[in-house]
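Keep in mind the model is a prediction, meaning the values are calculated, not measured.
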Amino acid sequence: DGVDVPELYAGAASMAAAWKTTAPELQAALTTAAGRIRDFHALQRDTAVRGTADLGLRPVPLRRAGCYVPGGRAAYPSTVLMNVIPAQVAEVDSVVVATPPGPDGRAHPAVLAAAHLLGVTEVTVMGGAQAIAALAYGTATVRPVDVIVGPGNLYVQEAKHQLSTTVGIDGFAGPSDLLVALDASAAQELTLPALDMLAQGEHGDGSLVVAVSPSAAVCDSLDQTIRRLIVERPSVGEAQFAIVEVADAREAIAFANAFAPEHLELIGAEVEALAASVRSAGCLFVGAASATAFGDYLVGSNHVLPTSSAARFASGLAPRHFRRTMAEVRVGEAAGRLAAAGAPIARAEGFEVHAESMEARVGENPAL
């Protein structure tokens with residue numbers, strides 16, 4: 001990172017000091033966001049043991065989780081909340097946050113403040129592919145983890161990809177994207193979707209922002225509104241914008257399902273009525289008031305979402321990423337019946353001792 005890091009771990013005192021110097025309005029905002037995120041993710045915690053006493057599935061939390069919080073373009077305390085809270089809800093034994101050092105060689109105060117709010121005890125000041133490797137393999141000073149979650153740049157994502165057989169990975173995050181589907185009724189107020197699209201552009205170069213509508217008038221007016229608003233918003237950067245005209249509202253939804261966006265907004269009565277038809281989106285925002293930005297910060301859903309059309313098969317970060325399901329078997333009195341059926345299968349596959357192993361549980365075996 002081109003800096004000297006005086007301390008690999010930010011201690012409890014540093015985190016407490018960062019919280020103390022955080023502006024009261026940001027403290028209040030982070031506290032509100034944390035509460036909403038925790039409440040929503042608590043609904044997703046699966047603790048039920050399924051099956052019977054003899055054959056069941058038991059969900060168990062992972063022992064240790066690594067949460068990566070980027071620090072390239074800016075500080076992201078919201079990502080601390082989005083990464084750590086699902087792990088805490090899942091009852092992971094220990095959580096470590098990894099975040100790149102700033103110019104002074106220390107973690108950003110806003111990141112430390114968010115970690116303090118959540119009661120995190122380990123924050124490592126390291127970033128990039130090297131941080132992912134340290135979390136996966138462990139070093140003399142970093143204990144290895146069972147799963148690594150969180151967004152990051154291409155180097156971070158490539159490291160996660162290469163280490164995906166060594167440690168659990170939540171997914172591989174590419175450039176952020178947004179699709180907005182609007183019908184003709186949305187023409188009354190296009191400033192809102194235009195701002196949503198421009199806001200998505202703030203995520204940086206490569207961000208893909210698309211609008212789709214069956215109304216030619218909406219397409220034209222939205223394009224003009226974006227061009228007007230972008231002039232005074234330099235933070236939008238070099239995102240790619242596109243506006244696509246389709247035949248009707250159903251084709252708009254079909255387009256969305258094929259695109260499988262990270263974020264999908266439906267604005268207008270016709271497209272909103274088809275919300276249940278959406279099958280492929282990282283997170284669905286229904287209605288003109290439901291800006292994607294709410295999901296980025298505090299509505300309660302997670303902002304670590306599948307990108308690059310991965311919403312066809314993947315979901316957003318959740319407690320399930322920090323738990324695994326383990327089968328628990330107690331054969332007991334069924335051993336004879338199961339051995340009679342299992343032994344012929346084992347012998348057909350050439351595994352004589354497998355058959356013996358099952359048959360040894362029946363007959364004169366004094367252990368039964």
Side-chain angles (χ1 to χ4, degrees), residues 26 28-44 67 69-70 73-87 89 110 114 118 149-152 170-171 173-182 186 191-204 207-212 235-236 239 253 256-257 259-268 271-272 275-276 278-312 314-321:
L26 181 54
L30 290 173
T31 301
T32 297
R36 292 183 63 94
I37 294 166
R38 192 176 299 279
D39 288 347
F40 182 69
H41 285 72
L43 299 174
Q44 305 169 51
C67 298
V69 178
R73 290 169 58 87
Y76 300 103
S78 62
T79 301
V80 178
L81 307 185
M82 298 292 180
N83 281 350
V84 172
I85 289 174
V89 168
L118 300 182
V149 303
D170 58 333
S176 189
D177 61 77
L178 165 68
L179 175 64
V180 182
L182 315 93
T191 299
L192 297 180
L195 285 173
D196 293 347
M197 295 174 71
L198 293 172
Q200 190 65 26
E202 290 185 309
H203 284 282
S207 297
L208 182 58
V209 188
V210 180
V212 57
S235 60
V236 171
I253 300 301
N257 281 326
F259 189 88
E262 179 186 13
H263 312 91
L264 173 60
E265 291 187 11
L266 304 182
I267 301 178
V271 291
E272 290 174 31
V278 174
R279 299 287 296 275
S280 303
C283 189
L284 176 61
F285 299 83
V286 183
S290 304
T292 293
F294 286 126
D296 285 342
Y297 297 111
L298 82 174
V299 75
S301 57
N302 207 288
H303 77 199
V304 181
L305 299 168
T307 63
S308 305
S309 294
R312 293 177 296 110
S315 305
L317 187 63
R320 66 180 178 80
H321 287 95

Mind checking side chain to side chain donor-acceptor pair (under 3.5 Å) for [X] and listing every partner two or more places apart, or none if nothing turns up?
X: Asn302; value: His41
X: Thr191; value: Glu189
X: Thr79; value: His303

Rounded distance [0.5 Å steps], [atom1] in [X] versus [atom2] in [Y]:
X: Arg36; Y: Ser301; atom1: CZ; atom2: OG; result: 9.5 Å
X: Asp196; Y: Phe294; atom1: CG; atom2: CZ; result: 9.0 Å
X: Phe40; Y: Leu298; atom1: CZ; atom2: CG; result: 13.5 Å
X: Met197; Y: Leu192; atom1: CE; atom2: CG; result: 13.0 Å

Partner set under salt bridge (charged side-chain N to carboxylate O under 4.0 Å, His left out) for Asp170, not counting sequence neighbours
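In terms of salt bridge (charged side-chain N to carboxylate O under 4.0 Å, His left out), with neighbours along the sequence ignored, Asp170 is linked to Lys160.
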So, using side chain to side chain contact (heavy atoms under 4.5 Å, CB included) as the criterion, who are the partners of [X] when residues are at least two apart?
X: Leu118; result: Ala34, Arg38, Val80, Leu81, Val84, Ile85, Gln88, Val120
X: Phe259; result: Asp177, Leu179, Leu208, Val210, Phe255, Pro261
X: Ser207; result: Ser176, His203, Ala239
X: Val278; result: Ile253, Asn257, Leu264, Leu266, Ala281, Leu284

Please list all pairs passing the side-chain hydrogen bond (donor to acceptor under 3.5 Å, both in side chains) test where one or both residues lie in residues 279-293, with sequence neighbours left out.
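Passing the test, one end in residues 279-293: Glu265-Thr292.
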Could you please spell out the steps behind the side chain to side chain donor-acceptor pair (under 3.5 Å) verdict for Ser235 and Glu202?
CA-CA 6 Å; Ser235 60; Glu202 290 185 309; 2.5 Å; yes
Give me the atom names and distance for the closest heavy-atom approach of Leu305 to Cys283.
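Answer, listing the atom of Leu305 first, then Cys283: CD1-CB, 3.8 Å.
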